[in-house]
Structures are given as structure tokens and as C-alpha cells.
Amino acid sequence: MADIKRRSLLAGIAALGAGACSKIASSDTGQSLFDAAEDWHRAAHRALAGRQKLAPEYAPEDRSPTFKGNGSLTVDTPEYRAELANGFANWRLAVGGLVETPFSLSMDDLRALPQRAQITRHDCVEGWSAIGEWTGPQLSALLDRAQVKPEANFIVFRCADTLYGRDYYESVDMVDAYHPQTIVAHLLNGEPIPEKNGAPLRMRIERQLGYKHAKYLTAIEAVASLNGIGDGKGGFWEDFGNYQWYAGI
Ligand SMILES: Nc1nc2c(c(=O)[nH]1)N[C@H]1C(S)=C(S)[C@@H](COP(=O)(O)O)O[C@H]1N2
Ligand SMILES: [Mo]
């Protein structure tokens with residue numbers, strides 16, 4: 001994890017540095033070069049620190065009495081119907097792509113990992129919000145176990161459902177992937193996630209809008225580029241061109 005953060009920091013510094021090259025070249029002392037490097041460093045740190053802030057968390061009494069379902073409310077395949085009827089006993093979450101050690105987890109495996117519970121507000125671009133308590137392992141723990149390769153820049157979330165005939169999927173950069181509140185949730189308000197809310201597994205990406213929170217999660221994939229995944233814009237709604245890939249709140 002530290003490596004990945006260092007890499008994005010260095011990439012940020014390199015990007016900032018590229019634009020400032022001519023200025024540096026014409027400066028006459030080594031000290032001002034050092035000062036400029038310090039400035040890039042600080043700017044890059046500040047940019048990352050903003051992204052790493054926690055989303056607000058709420059008290060149990062703030063939870064919405066019902067948590068609306070939106071988008072797909074089920075998965076219309078015989079495999080999913082069978083799993084639903086069977087308590088998801090054979091559901092597996094695959095972790096792969098650009099990683100050293102791909103693996104997959106059963107629901108029991110996921111429940112046996114260290115858990116994070118958080119009461120957060122979900123904001124949908126369609127103009128509604130709901131507060132709920134989500135529980136599950138941090139995505140960072142899964143990525144650490146898989147050992148993400150240096151060339152990976154994004155994490156893609158694959159889902160079991162299709163909407164308007166296309167597979168739902170989403171993606172985030174490494175800052176959100178390793179954010180402490182980014183979890184693979186299996187409980188909503190202490191109960192297994194209801195069918196309409198993405199049973200048995202869904203992402204919580206708390207610093208971003210609702211459409212980033214992939215439901216009916218089947219696989220997590222580390223990739224270098226979003227090209228060739230869906231239409232290449234990083235997510236189901238992004239591909240339609242209506243919504244931004246980075247939906248920070
Ligand atoms: N797989 C999948 N994930 C999805 C969607 C979807 O249709 N399919 N809809 C998204 C949108 S727009 C929102 S607001 C939330 C809705 O989550 P909810 O059904 O728990 O309210 O899930 C997001 N994740
Ligand atoms: Mo949404």
C-alpha cells in the first residue's frame with residue numbers, strides 16, 4: 001500500500017514538474033531547484049490528503065428506516081436465482097488482474113476477515129439520499145493480499161447484473177481503492193444485504209456518488225488502463241456519457 005501511495009505521489013510530482021521545467025532550467029541556484037521540488041511535494045501531498053479525508057459517519061439513530069433500491073433491483077439469471085435461494089453458499093468473489101497472487105473468496109472467507117462497520121450517507125445523482133450502516137472487509141486488505149503489481153493504476157468492479165443489455169461495472173483509482181472507508185460490504189444495518197441493495201456483496205466508495213458503489217459484486221480486477229473495458233470510460237453510467245468517472249462528494 002505504501003508503495004502505491006508513493007507511486008501516485010511521484011506521478012503527481014512528475015506531472016507538476018513537467019510544466020515547471022522551463023522555469024527551473026532558468027533558475028540559477030541549486031537552492032531554488034530544491035525549493036521548487038519541495039513545493040511540488042507539498043502540493044502533491046495536499047492533493048492526496050484531500051482525497052484521503054473520511055466521509056462523515058453517523059449515529060445508529062440517524063439510519064434511514066428504509067434504504068431505497070435503485071438501478072438494478074435483482075439479477076435476472078438462473079445462476080443468481082439459485083444462489084439467492086441458497087443463501088449465497090457458493091458465491092465467490094474473485095480478486096485478480098494485475099496482481100501477483102490472484103485468489104477468490106467465499107462469503108464465509110469474507111466474513112472471517114477483519115471487518116469495518118460505518119454509518120454513512122449514500123447520495124444518488126437522481127436526487128435522493130439514505131443513511132445506512134455497512135459492514136465488510138476493507139478493499140485494501142484484499143488488494144494487499146493479492147499484491148497489486150506496480151503497473152496497475154485502477155481497480156475495476158465487475159457485477160452480476162445487466163442494465164439496458166449491458167454489464168454493470170465500475171472503477172476507481174488507487175487513492176479511492178485504498179481509502180479506509182472503501183469496503184466490500186455484505187451487511188446493511190447488521191443484516192445480509194437485501195436483494196434490491198446488491199446481495200450478497202456490494203462496494204462502498206464513501207467519498208463518491210451512488211453510481212460508483214457497484215452492487216452484485218463478482219470480481220475485483222487491477223488494471224493499467226480502462227481502455228477496452230466497457231466503452232473505456234470507467235463505468236456503466238460513464239459509458240453513457242451522462243456521469244463523470246470521478247464523482248467525488
Ligand atoms: N451492479 C449495479 N450496481 C449499482 C447500480 C446498478 O444498477 N447495478 N446502480 C447504482 C446507483 S445509480 C445507485 S444510486 C446505487 C443504488 O444502491 P441501492 O440500490 O442500494 O440504493 O447503486 C449503484 N450500483
Ligand atoms: Mo444513483
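Just follow the structure's listing: the first ligand is 1, and inside any ligand the first atom is 1.
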Could you tell me how the ring of Tyr243 sits relative to the ring of Trp237: parallel (under 30°), tilted (30 to 60°) or perpendicular (over 60°)?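 Answer is tilted, since the angle falls between 30° and 60°.
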Does [X] approach ligand 1 within less than 4.0 angstrom via side chain, backbone, both or neither, non-hydrogen atoms only?
| X | value |
| --- | --- |
| Leu163 | side chain |
| His213 | backbone |
| Phe67 | side chain |

For Trp134 and ligand 1, does the shortest N/O to N/O distance drop below 3.5 Å?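 No: no nitrogen or oxygen of Trp134 is under 3.5 Å from one in ligand 1.
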Does ligand 1 come near enough to Trp237 that some N or O of the ligand is less than 3.5 Å from an N or O of the residue?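 No.
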[atom] - nearest protein heavy atom and its distance:
| atom | value |
| --- | --- |
| atom 11 (C) of ligand 1 | Tyr211 CA, 3.7 Å |
| atom 7 (O) of ligand 1 | Ser72 N, 2.8 Å |
| atom 14 (S) of ligand 1 | His122 NE2, 3.2 Å |
| atom 1 (N) of ligand 1 | Asp161 OD1, 2.7 Å |
| atom 3 (N) of ligand 1 | Lys215 N, 2.9 Å |

Does Phe103 have Arg145 sitting over its ring (NZ/CZ under 6.0 Å from centre, angle to axis within 45°)?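 Here Arg145 passes the 6.0 Å and 45° test against Phe103.
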When you measure from the centre of the six-membered ring of Trp128, is the NZ or CZ of Lys68 closer than 6.0 Å and no more than 45° off the axis?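 Yes, cation above the ring, under 6.0 Å and within 45°.
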Interfacing atoms of ligand 1 (cut-off 4.0 Å, heavy-atom, [X]):
| X | value |
| --- | --- |
| Trp128 | 14 (S), 21 (O) |
| Cys124 | 14 (S) |
| Lys68 | 18 (P), 19 (O), 20 (O), 21 (O) |
| Gly71 | 7 (O) |

Between the side chains of [Y] and [X], is the shortest nitrogen-to-carboxylate-oxygen separation below 4.0 Å, so that they form an ion pair?
| X | Y | value |
| --- | --- | --- |
| Glu83 | Arg92 | no |
| Arg116 | Glu57 | yes |
| Asp109 | Arg111 | no |
| Lys212 | Asp176 | no |

Does at least one non-hydrogen atom of Arg202 fall below 4.0 angstrom from an atom of ligand 1?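 Within the 4.0 Å threshold, so yes.
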Indicate the atoms forming the closest heavy-atom contact of Cys124 with Asn70, along with that distance.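 Distance-wise, the nearest heavy atoms are SG-ND2, 3.5 Å.
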Using atom types as modelled and distance alone, determine if a side-chain donor or acceptor of Asp161 lies under 3.5 Å from a backbone N or O of Ser72.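 Not at all, since once roles are kept as given, no pair shorter than 3.5 Å links the two residues.
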Go through Phe236 and Tyr211 one step at a time and tell me if the ring-ring contact (aromatic ring centres under 6.0 Å, His included) criterion holds. CA-CA 9 Å; Phe236 175 89; Tyr211 59 87; over 10 Å; no
